[in-house]
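Computation of the quantities below employed the complete heavy-atom set of this structure, encompassing side-chain atoms and omitting hydrogens, waters and symmetry-equivalent molecules. The structure presented is a predicted model; accordingly, all values stated were derived computationally and were not measured.
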Amino acid sequence: MRYDLVIFDNDGVLVDSEPISNRLLAGFLTELGHPTTYEDSLRDYMGAALHRVHDLVLERTGRRLPEDFDDAFHQRVFAAFERNLEPVPGAAEVLGKLAADGVPYCVASSGSHERIRVGHRRTGLDRWFDDGRIFSAEDVGRGKPAPDLFLHAAARMGVAPDRCAVVEDSALGVRAAVAAGMDVFGFTAMTPPAVLDGATRLFADMGELAGLLAGAR
């Protein structure tokens, strides 16, 4: 392995949650008088912390979302996760390979700690992540595309940024990883490759990742 730490995004990389959460987000915003399509949500909010939703709605409309927006949205998302969430195909195998080879890894997600843990429990990925391997935008002042979250994860794991590889499927995440001085592997299973401009490498099948990580640089 050419890296000392592999940092995974969560939504869309480990758990197949982006279609679920973005459909719910588009629907909820539309209910609240902010017409939003699924495609709009993917474009504007995929890979972002919820504060970005608040910021963009306020910027565009001059209106604030309700104070209970986050809690209400999470309730909808968690209920949908319990019904429908699945792991990204190949994610468990990649984690097992890294663990077997003794390669340090962690998750650094724009989602809340609760969202990460709910998704991992539902999909069985919780076996691969103790508390010391889970980092959320809640832990830092700014979410992606700021580099803060990835730098925080690397520091907590004791690894220099230039020895880290990030696995991301969003433009905001790629920008954050590049800003952190880390190599970034762009996962294109549901993201057009052009959207992940700036990634070190692109790949469409999670089964390819271990080989790419070993052969990179």
Checklist line | Student check: side-chain heavy atoms of Thr61 and His34 closer than 4.5 Å | finding: yes

Item checked: Val107 side chain near Leu14 side chain, heavy-atom distance below 4.5 Å -> yes

Check: Which heavy atom in Gly33 sits nearest to a heavy atom in Pro35, and how many Å separate them?
Finding: O-CD, 3.4 Å

Residues 133-148, side-chain donor-acceptor partners within the protein, below 3.5 Å, at least two apart:
| residue | atom | partner | partner atom | Å |
| --- | --- | --- | --- | --- |
| Arg133 | NH1 | Tyr105 | O | 3.0 |
| Ser136 | OG | Gly111 | O | 2.6 |
| Ser136 | OG | Glu138 | N | 3.0 |
| Glu138 | OE1 | His113 | N | 3.1 |
| Asp139 | OD1 | His113 | NE2 | 2.8 |
| Asp139 | OD2 | His113 | NE2 | 3.2 |
| Asp139 | OD2 | Ser136 | N | 2.9 |
| Arg142 | NE | Asp148 | OD2 | 3.4 |
| Arg142 | NH2 | Asp148 | OD1 | 3.0 |
| Lys144 | NZ | Asp9 | OD1 | 3.0 |
| Lys144 | NZ | Ala108 | O | 3.2 |
| Lys144 | NZ | Glu168 | OE2 | 2.6 |

Next item on the list: Could you pull out the closest heavy-atom pair between Ala153 and Ile7, with the gap in Å?
Entry: CB-CD1, 4.4 Å

Note to self: Would Val53 and Leu29 count as a side chain to side chain contact (heavy atoms under 4.5 Å, CB included) here? Give the steps.
What the structure shows: CA-CA 9 Å; Val53 181; Leu29 289 173; 4.1 Å; yes

Next item on the list: Compare every heavy atom of Phe129 with every heavy atom of Cys106, then report the nearest pair and how far apart it is.
Entry: C-CE2, 3.9 Å

Margin query: Would you compute the distance between atom CG of Asp162 and atom CE of Met182 and round it to the nearest 0.5 angstrom?
Written below: 9.0 Å

Item checked: All salt bridge (charged side-chain N to carboxylate O under 4.0 Å, His left out) counterparts of Arg156, not counting sequence neighbours -> none

Next item on the list: Sort and list the pairs that fulfil side chain to side chain donor-acceptor pair (under 3.5 Å) and have at least one residue in residues 12-30, not counting sequence neighbours.
Entry: Asp11-Ser17, Glu18-Asn22, Ser21-Arg115, Asn22-Ser41

Item checked: Any pair counted as ring-ring contact (aromatic ring centres under 6.0 Å, His included), so long as it reaches residues 36-61, sequence neighbours left out -> His54-Phe69

Check: Could you give the distance from CZ (Phe78) to CZ (Arg122), rounded to the nearest 0.5 Å?
Finding: 14.5 Å

Check: With sequence neighbours left out, what residues match Arg121 under salt bridge (charged side-chain N to carboxylate O under 4.0 Å, His left out)?
Finding: none

Checklist line | Listed partners of Asp205 passing side-chain contact (heavy atoms from CB on, under 4.5 Å), at least two apart | finding: Glu208

Next item on the list: State which residues pass salt bridge (charged side-chain N to carboxylate O under 4.0 Å, His left out) with Arg63; sequence neighbours excluded, sorted by chain then number.
Entry: none

Next item on the list: Quick one: list whatever passes side-chain contact (heavy atoms from CB on, under 4.5 Å) with Ala204, sequence neighbours left out.
Entry: Thr188

Checklist line | Cationic N near anionic O, under 4.0 Å, Arg60 to Asp44 | finding: yes

Notebook entry, point to check: If you take all heavy atoms of Ala80 and Leu24, which pair is closest and at what distance?
Noted result: CB-CD1, 3.8 Å

Notebook entry, point to check: Does any non-hydrogen side-chain atom of Thr191 lie less than 4.5 Å from one of Ser170?
Noted result: no

Report all side-chain donor-acceptor pairs from residues 82-98 shorter than 3.5 Å, counting only partners two or more places apart or in another chain.
| residue | atom | partner | partner atom | Å |
| --- | --- | --- | --- | --- |
| Arg83 | NH1 | Ala79 | O | 3.4 |
| Lys97 | NZ | Asp101 | OD2 | 3.2 |

Check: In Å, rounded to the nearest 0.5 Å, how long is the span from CG of Leu125 to CG of Asn10?
Finding: 8.0 Å

Next item on the list: Report yes if the side chains of Phe8 and Leu209 come closer than 4.5 Å at any heavy-atom pair, otherwise no.
Entry: yes

Checklist line | Non-hydrogen side-chain atoms of Leu65 and Leu32 separated by less than 4.5 Å | finding: yes

Checklist line | Residues forming a salt bridge (charged side-chain N to carboxylate O under 4.0 Å, His left out) with Glu31, sequence neighbours excluded | finding: Arg76

Checklist line | Pairs involving residues 123-132, ordered by first then second residue, that meet side chain to side chain donor-acceptor pair (under 3.5 Å) (sequence neighbours left out) | finding: Arg117-Asp131

Note to self: Ignoring hydrogens, what is the shortest heavy-atom contact between Ala154 and Leu5? Give both atom names and the distance.
What the structure shows: CA-CD2, 4.0 Å

Margin query: Any salt bridge linking Asp55 with Arg52? Criterion: basic side-chain nitrogen under 4.0 Å from a carboxylate oxygen.
Written below: no

Notebook entry, point to check: Nearest heavy-atom pair of Cys164 and Val159: which atoms, and what distance?
Noted result: SG-CG1, 3.7 Å

Next item on the list: Please identify each residue that fulfils ring pair (Phe, Tyr, Trp, His ring centres under 6.0 Å) with Phe187, with sequence neighbours left out.
Entry: Phe203

